[in-house]
Amino acid sequence: MRHAAVAVLRAAYAAGDLSKGKALHARVIRAAHFDVVLHNNLISFYAKCGRVRLARKVFDAMPFRNAVSVNLLMSAYASSGRHKESFALLRVVDFGLNEYVLSAAVSATAHVRSYDMGRQCHSYAVKAGLAEQPYVCNAVLNMYCQCAHMEDAVKIFENVSSFDAFAFNSMINGFLDHGQLDGSVRIVRSMTREVEKWDPVSYVAVLGHCASLKDFVLGAQVHAQALKRRLELNLFVGSALVDMYGKSNRAHDANCAFEVLPEKNVVSWTAVMTAYTQNELYEDALQLFLDMEMEGVQPNEFTYAVALNSCAGLAALRNGNAFGASAMKTGLWAHLLVGNALMNMYSKSGSIDDADRVFMSMPLCDVVSWNLMITGYAHHGLAREAMEAFHSMLSAAEVPSYVTFVGVLSSCAQLGLVDEGFYYLNVMMKELGIIPGKEHYTCMVGLLCRAGRLDEAEQFIVNNCICTDVVAWRSLLNSCQVYRNYGLGHRVAEQILQLKPNDIGTYVLLSNMYAKANRWDGVVKVRKQMRERGVRKEPGVSWIQVGIDVHVFTSEDKVHPQMEQITKKLDELIDKIKAIGYVPNFAVVLHDIEDEQKEEHLMYHSEKLALAFGLIHTPKGATIRIMKNLRICDDCHVAIKLISVVTGRKIVVRDAVRFHCIDGGVCTCDDYW
DNA sequence: GTAGGGTTAG
């Protein structure tokens, strides 16, 4: 009976015929005597067919079971991701665990990241004398890696003499997952020496290590080794290669690794999209999304997140909206990852209200969501709202992170809350043990500058060893410009130009500073210096989306087909704002041109062209959103504020650093930028 | 009739 039945089950599985198996099941139930092995075969059959509930039914109906029955059901649960249920099965076991069941139990605790349960299993293994069993030992080692207790993992790793690739793989991934790159460097080194036979997972792990370190040289060597064994065709290894090249800023190589894959799945597609996005090739990433859908591959939550991040990079609000709607239809919208990506997209596209709306509707949120809200408000010049969000975050018992404090400190800076800023820096360091980074120090410099305490700001830079940080110095120089402190400004600019010769941002700030202080001799000097050193301004580019099209404008570029209309509109606008006090600010013109040309030059700044175009092509009262690659210039800032008055429009300009939300002649940047 | 680690986000 048993042999025949097993043969039937095997055939039924091979033919994918579930009903044949069920028919046999019925006969087994009617049979006079109970056979454990046969019932185990039934469990195995249902499990292989992906019918875990039926497997469980068989299990529950058994008058007695053995270790194999338990193990079969546990692995069925594990392969469908139901690790808690797998672990819970131990409660019905009324006999001692063997090495099979024990390693399944340990791996369940590893998946749910339960250090406590994992440790209990480990001590059980020690008492039962099973701790040295290779599978148990590896499972325990892996459990400690997953549960972020690398010190326990290291103890096991060091005490066992002979290891296969498995243990090395676990150790590398454990160190990588917890950001301990020095640890993974050690393991990878000894692995290249001691482990002869790498398995495919080893390649994936080592490539992940290379990706984290952006170690393209080692990555390419691993690639070469993989080629010898034709492993570049393996979906996992291939995706890891795509990721490694992408993170090493080699989008083209990433694409080659992708193209070579004979079978592509949603992960490999998403990996190559990610590679493009991380290298700022947003349009290509979005094109890949379309290609993927054409191939009939369904996007998952990661794919949507990457697509939305590309939209964020382009500030492509409409496309982002479309992806959001599409994610809503597929039900993937509720994923944390997608919600966060949507918030990010709205925030980077200048639509902070929409970001807030998404945040409020998210079923689950995490520290990243809170950070997006806080930094989003801060970038939009809404420091009060940012601080409110921060306090709500604390009330919600979410633990602030490194990024949280970047938002908090920059909000304190915007509000001129010097004491609060230092208080929060202290909380961050003392209470949360977060080591402040450049971003925090730069915020503190900005904080002191905002309060007009420029000398203290300079001292702060010197005292905190961030003298080599151009961003910190630039923040100080910016304040010198705002406060017209050209003595300090000149010194600071020298300092920056020593660190980064020909830094165009510095020349612009310096020139603006002299202009604001009415020091025309200074402006002339800066221009001369630039000419002598051959420094050229990067062309300003602005873009605006109208309908489904993105219209791009470069300064002085007159190639747009509707240039005539745009010029006419601009003339009109300039006349109107001159009537309410606009005076062109020639100081921002860094080119050596005649005075009479300067007004025309200013008029053709890319943001003004984009704005005029937007005013022509959008309905009355609609908000206009403009993106710019550089920082908005002082003249345009003044002009756009006045244009918002004469047209009654809300105008949002995203420049290289922040948002300017301009409404009724007032900008959220408070003219401090 | 039984086993483990892996790729995509920030």
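In what follows, chains carry the letters A, B, and so on, assigned in the order in which the sequence lines appear, proteins first and then strands, with residues in each chain numbered from 1. Note that the structure is predicted; figures quoted are calculated from it, not measured.
Among the atoms of the strands shown, none is found under 4.0 Å from any heavy atom of P134(A). Within 4.0 Å of I43(A), counting heavy atoms only, lies no atom of the nucleic acid at all. When heavy atoms are screened at a 4.0 angstrom cut-off, N66(A) is found touching base atoms of the nucleic acid. Using a 4.0 Å heavy-atom cutoff across all strands shown, L72(A) reaches sugar-phosphate atoms only and no base atom.
Atom NE2 in H209(A) sits about 18 Å away from atom P in dG6(B), given to the nearest Å. Here the C1' atom of nucleotide dT7(B) and the NE2 atom of H223(A) are 15 Å apart, to the nearest Å. If you measure from atom CE of M62(A) to atom P of dT2(B), you get 14 Å, rounded to the nearest angstrom. Atom CH2 in W333(A) sits about 18 Å away from atom C1' in dA9(B), given to the nearest Å. Separating the CZ atom of F168(A) from the C1' atom of dG6(B) is a distance of 17 Å, rounded to the nearest angstrom. The CG atom of D366(A) sits 11 Å away from the C1' atom of dA9(B) (whole-angstrom rounding). The distance from atom CG of N142(A) to atom C1' of dG5(B) is 5 Å, rounded to the nearest whole Å. Protein atom CD of E99(A) is 13 Å distant from nucleotide atom P of dA3(B), rounded to whole Å.
Comparing atom distances between the N98(A) side chain and each of dT7(B), dT2(B), dA3(B) picks out dT2(B) as nearest. For N234(A), the side-chain atoms get nearest to dG6(B) when compared with the rest of dT8(B), dG1(B), dG6(B). In this structure, of dA9(B), dG10(B), dG5(B), it is dA9(B) that holds the atom nearest to the side chain of T274(A). Set against dA9(B), dG1(B), dT2(B), the side chain of N71(A) has dT2(B) as its closest nucleotide. Listed nucleotides: dA3(B), dG6(B), dT8(B). Nearest to the side chain of Y100(A): dA3(B). Candidate nucleotides dT2(B), dG5(B), dT7(B) were compared by shortest atom distance to the side chain of F236(A), and dT7(B) ranks first.
Between the side chain of N344(A) and the base of dG10(B), no donor-acceptor pair under 3.5 Å is found. The base of dG1(B) sits with one of its N or O atoms less than 3.5 Å from a complementary donor or acceptor on the side chain of N40(A). No hydrogens or angles were tested; on distance alone, a donor-acceptor pair under 3.5 Å links the side chain of D199(A) to the base of dG5(B).
For the OP1/OP2 pair of dT2(B) and a distance below 4.0 Å, the side-chain nitrogens and oxygens of Q133(A) include no atom meeting the criterion. Residue R10(A) places at least one side-chain N or O closer than 4.0 Å to OP1 or OP2 of dG1(B). In terms of phosphate contacts, H111(A) brings a side-chain nitrogen or oxygen within less than 4.0 Å of OP1 or OP2 of dG5(B). Of the side-chain N and O atoms in S75(A), one or more sit less than 4.0 angstrom from OP1 or OP2 of dA3(B). OP1 or OP2 of dT8(B) has not a single side-chain nitrogen or oxygen of Q278(A) nearer than 4.0 Å.
The main-chain N or O of N344(A) is never found under 3.5 Å from a side-chain atom of S347(A) such that the two would form a donor-acceptor pair. Within the 3.5 Å criterion, the main-chain N or O of D35(A) finds no donor-acceptor partner in the side chain of R2(A). Distance alone, capped at 3.5 Å, is enough to place a donor-acceptor pair between the D366(A) side chain and the S369(A) backbone. With hydrogens and angles disregarded, no donor-acceptor distance shorter than 3.5 Å links the side chain of R250(A) to the backbone of M244(A).
Put simply, the side chain of E283(A) reaches to within 4.5 Å of the side chain of L314(A), judged on heavy atoms.
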- [ ] Check the pair F34(A) / H39(A) against ring-ring contact (aromatic ring centres under 6.0 Å, His included), numbers first and verdict last.
- [x] CA-CA 8 Å; F34(A) 172 75; H39(A) 277 75; 4.5 Å; yes

Open item on the list: Set out, in order, the CA-CA distance, both residues' side-chain angles and the distance that settles side chain to side chain contact (heavy atoms under 4.5 Å, CB included) for L18(A) and R51(A), then state yes or no.
Closed with: CA-CA 9 Å; L18(A) 186 69; R51(A) 307 301 287 260; 3.1 Å; yes

- [ ] Would you check, one step at a time, whether the test ring-ring contact (aromatic ring centres under 6.0 Å, His included) holds for F323(A) with F289(A)?
- [x] CA-CA 10 Å; F323(A) 280 118; F289(A) 190 98; 4.8 Å; yes

- [ ] Would you sort out whether I187(A) and F157(A) count as a side chain to side chain contact (heavy atoms under 4.5 Å, CB included), showing the intermediate values?
- [x] CA-CA 10 Å; I187(A) 306 294; F157(A) 189 73; 3.9 Å; yes

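Proximity of the aromatic rings of H149(A) and Y115(A) is defined here by a centroid distance below 6.0 angstrom, and this criterion is met.
Near DNA chain B, meaning a heavy atom under 4.0 Å from it, residues 287-311 of chain A has N300(A), F302(A), V306(A), N309(A) in order of number. Listed by residue number, the members of residues 247-262 of chain A with any heavy atom below 4.0 angstrom from DNA chain B are K247(A).
Other residues, nucleotides and ligands place no more than 12 heavy atoms under 6.0 Å from the CD atom of E280(A).
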